[in-house]
Amino acid sequence: MPLAKRVGAKPREIAAKIVEHLDVADIAMPVTEASIAGPGFVNVSLRPDALAAFVDRLDTPELGIARPVDPDTVVVDLCGVNLAKQMHVGHLRSTVIGDAVARLFERLGYKVIRQSHVGDWGLPIAMVVQKLIEIEEAGVDLASITLDDLNKIYKAAQATCKDERVALASVLKYGGHPKAEAELEGRIEHANEAAERARTRLVALQSGDEPTVAAWERIYDITMGACLATCARLHATVTADHSAGESTYRTELPEIVKDLETRGIAEESDGALVVRVEGIAEPCLIRKKDGGFLYATTDLAGIRRRVQEFKADRVVYVVDARQSLHFRLAFGAAHRAGYDVHDDRTAPLEHAAFGMVLGEDGRPLKTRSGENIKLDDLLEEAVSRAAATVAEKNPGLPADERARIAEAVGIAAIKYADLSTERIKDYVFEFDRMLAFEGDTGPYLLNAVVRITSIFRKAAEQGVTLDERAPLVLNEPDERTLALTLLKYPMVVRAAGEAFEPHRVCNYVYDLASAFSGFYERCPVLHGDDDAVRASRLRLCSLTRRVLVDGLETLGIPTVERM
RNA sequence: GCCCCGGUAGCUCAGCUGGAUAGAGCAGCGGACUUCUAAUCCGCAGGUCGGAGGUUCGAAUCCUCCCCGGGGCGCCA
């Protein structure tokens with residue numbers, strides 16, 4: 001049908017010509033005039049033996065996904081935690097989707113480098129360092145400090161400095177009403193003092209003052225210890241090796257700004273230094289009036305390191321959609337500077353943006369008091385709900401296995417819910433929905449795998465073993481549907497990877513599980529009396545399980561044996 | 001004001017670079033457990049694809065305008 005436009009003929013006429021000349025007798029049923037349908041489709045039915053041959057070709061250790069001869073290097077930016085802050089829902093998607101995107105590229109055979117851009121530098125961190133040192137001076141043992149404590153300190157520090165702005169806003173609003181003024185004066189003074197101490201501390205940190213750096217390192221270790229543990233619990237591959245703090249770029253920033261300045265790429269604007277990007281009204285700010293550097297400056301350093309040092313052929317940022325403008329500016333500026341080029345090749349810089357996590361009220365997910373929800377709490381809730389279900393449905397299992405299953409089910413529920421809708425869209429976080437065993441959920445898919453596994457357990461009891469080379473007999477419609485669905489796997493993974501869209505793999509594994517259900521319902525595996533059919537069906541079961549497990553693992557969702 | 005992203009069944013969502021009668025799940029209704037699966041399966045019902053134009057043999061899909069919702073917009077990150 002796309003030919004119709006190019007050739008200038010009617011689709012059905014072209015279809016008729018194709019049918020007339022098409023010879024696919026070796027793999028398909030005869031194609032005739034009657035095979036033409038609708039506006040010009042030519043229906044081709046694969047012969048069972050040809051279909052079996054295609055499935056045979058899929059049945060390799062890599063399940064039909066060939067590795068490229070000369071694999072590109074892809075950098076995936078994900079996770080992005082901040083010092084002295086717990087991981088919260090804001091990090092969930094970046095971590096889960098980012099890891100899935102990285103896994104997709106790995107599955108396709110690319111060389112993948114994960115990079116978690118850790119917010120570990122700047123005035124906010126200096127404020128926490130300052131507070132921590134004050135606490136230490138008051139006699140508190142730093143060894144006992146947890147991330148929870150740091151989080152409280154961070155908030156307190158933020159609040160103190162915020163007082164300054166709040167007070168200022170009040171004065172503006174009430175026009176310096178005498179009543180307000182007296183009270184506010186004290187707050188402003190307090191805030192100013194705190195901000196001043198933080199600024200002094202920042203200078204100490206930047207110049208390598210030993211006690212200051214020691215406190216900073218303590219904060220770094222506590223934060224990363226807790227956050228990397230959460231990543232591990234999420235079955236997301238984000239480790240210390242993948243973490244690159246903003247601090248690691250600090251010596252490069254003056255150099256980058258100077259480079260852009262001397263090459264005439266950056267220009268002065270209202271005392272600040274900016275890079276203009278074609279097609280965007282807003283400029284990209286790289287240096288403040290006071291000489292300080294900005295978010296974009298660090299990202300430029302990040303791009304340069306990733307492309308020129310790591311030799312990335314492609315850089316993907318799995319970051320919140322709200323950062324869209326920022327990345328367009330940073331990418332544009334990096335491109336003007338040539339930071340996205342290595343060995344005469346320009347690496348595409350891409351923002352794989354994702355939407356927000358909403359509560360059931362349709363507003364951004366928060367606690368009742370308006371606080372960010374800690375990711376650990378979210379995971380714990382999902383796992384404990386899963387544990388209750390496992391205890392109810394399968395009380396016979398040993399307690400430790402039940403706990404392992406609950407962990408897998410709870411994590412799978414959250415991850416699948418996050419991965420299965422289009423990345424760019426917001427989604428509503430609902431425990432009941434994501435933990436359901438009916439429908440398009442993580443637990444359902446784990447159960448699909450378990451059901452297949454149980455067939456093999458049963459088969460073993462009967463002394464029936466899998467013959468991995470048994471000839472495939474694909475005569476039943478459900479067998480054909482299952483086989484055809486299996487064959488789509490390599491293309492789905494490829495398409496999902498190229499578009500950074502893990503949800504396509506989710507849709508696929510769900511389709512495959514559905515196709516298997518139909519097969520399982522109507523095609524008895526162990527109950528038949530035909531040995532050849534049983535061997536063929538066992539092989540289909542095995543292949544289906546391998547594809548399901550591979551697909552889920554590519555999404556970063558581990559499976560279980562029983563549940 | 002300018003820019004970006006969404007709007008598909010009561011609810012939550014798919015729909016690949018335009019292609020057949022727009023598909024799932026949940027909820028609703030009706031069936032199926034001395035089982036290889038009930039943490040499941042099968043069936044029924046349910047839609048002006050936000051609206052209006054346009055391009056095309058053909059539009060949920062591409063273009064333009066409008067409506068609704070969300071987000072962003074130079075010295076925070």
B:rA60 versus B:rA9 - spacing of their C1' atoms, nearest Å: 14 Å
Atom-to-atom span, CE of A:M491 to P of B:rU17 - whole angstrom: 12 Å
Separation of B:rC33 C1' from A:E521 CD (nearest whole Å): 11 Å
Paired nucleotide for B:rC33 [Watson-Crick or G-U wobble; both distances under 3.5 Å]: none
Distance in angstrom units between A:R328 CZ and B:rG72 P, rounded: 15 Å
Watson-Crick or G-U wobble mate for B:rG47, both contacts under 3.5 Å: none
B:rG15 OP1/OP2 closer than 4.0 Å to side-chain N/O of A:H503: yes
Counter-base of B:rA38, judged by Watson-Crick or G-U geometry with both distances under 3.5 Å: none
Between C1' of B:rC76 and CZ of A:R322, the distance in whole Å: 14 Å
Side chain A:D299 and base B:rA77 donor-acceptor under 3.5 Å: no
Any donor-acceptor N or O pair under 3.5 Å, side chains A:D120, A:S247: yes
Protein-nucleotide distance (A:Y427, atom OH; B:rC5, atom P), rounded to Å: 22 Å
Parallel, tilted or perpendicular, as decided by the 30° and 60° cut-offs, for the rings of A:F431 and A:F429: perpendicular
Pairwise C1' distance for B:rG50 and B:rC57, with rounding to whole Å: 28 Å
Among B:rG70, B:rA77, B:rG72, the nucleotide that comes nearest once only the side chain of A:E282 is considered: B:rG72
A:Y444 vs B:rC41: side-chain N/O to OP1/OP2 distance below 4.0 Å: yes
Under 3.5 Å on both distances, the Watson-Crick or G-U partner of B:rU17: none
Pairwise C1' distance for B:rU48 and B:rC41, with rounding to whole Å: 35 Å
Complement of B:rG1, any strand, by Watson-Crick or G-U distances under 3.5 angstrom: B:rC73
Rounded distance in Å between the C1' positions of B:rG7 and B:rC66: 14 Å
Whole-angstrom distance between B:rG15 and B:rC3, as gauged at atom P: 28 Å
Charged tip of A:R423 within 45° of A:F500 ring normal and under 6.0 Å: no
B:rA60 - base-pair partner by Watson-Crick or wobble geometry, distances under 3.5 Å: none
Protein-nucleotide distance (A:R522, atom CZ; B:rU40, atom C1'), rounded to Å: 14 Å
Donor-acceptor pair, side chain of A:D426 and main chain of A:M356, under 3.5 angstrom: yes
Pairing partner of B:rC11 (Watson-Crick or G-U wobble, both distances under 3.5 Å): B:rG25
Sugar-phosphate, base or nothing in reach of A:A37, heavy atoms under 4.0 Å: base
Distance test, side-chain N/O of A:T389 to OP1/OP2 of B:rA39, below 4.0 Å: no
Nucleotide B:rG72, atom C1' - distance to CD1 of A:I424 in whole Å: 12 Å
Phosphate OP1/OP2 of B:rA14: any A:K425 side-chain N/O under 4.0 Å: yes
Integer angstrom distance from the C1' of B:rC49 to that of B:rA22: 8 Å
Separation of the C1' atoms in B:rA38 and B:rC13, to the nearest angstrom: 26 Å
Between A:T559 and A:R545, a side-chain donor and acceptor under 3.5 Å: no
Sugar-phosphate, base or nothing in reach of A:D290, heavy atoms under 4.0 Å: nothing
Check against side-chain hydrogen bond (donor to acceptor under 3.5 Å, both in side chains), A:Y416 and A:D440: CA-CA 9 Å; A:Y416 191 84; A:D440 192 7; 2.6 Å; yes
Rounded interatomic separation in angstrom, taking CD from A:E422 and P from B:rA60: 18 Å
Rounded distance in Å between the P positions of B:rG51 and B:rC67: 15 Å
SB check A:K415 A:D418 (cutoff 4.0 Å): no
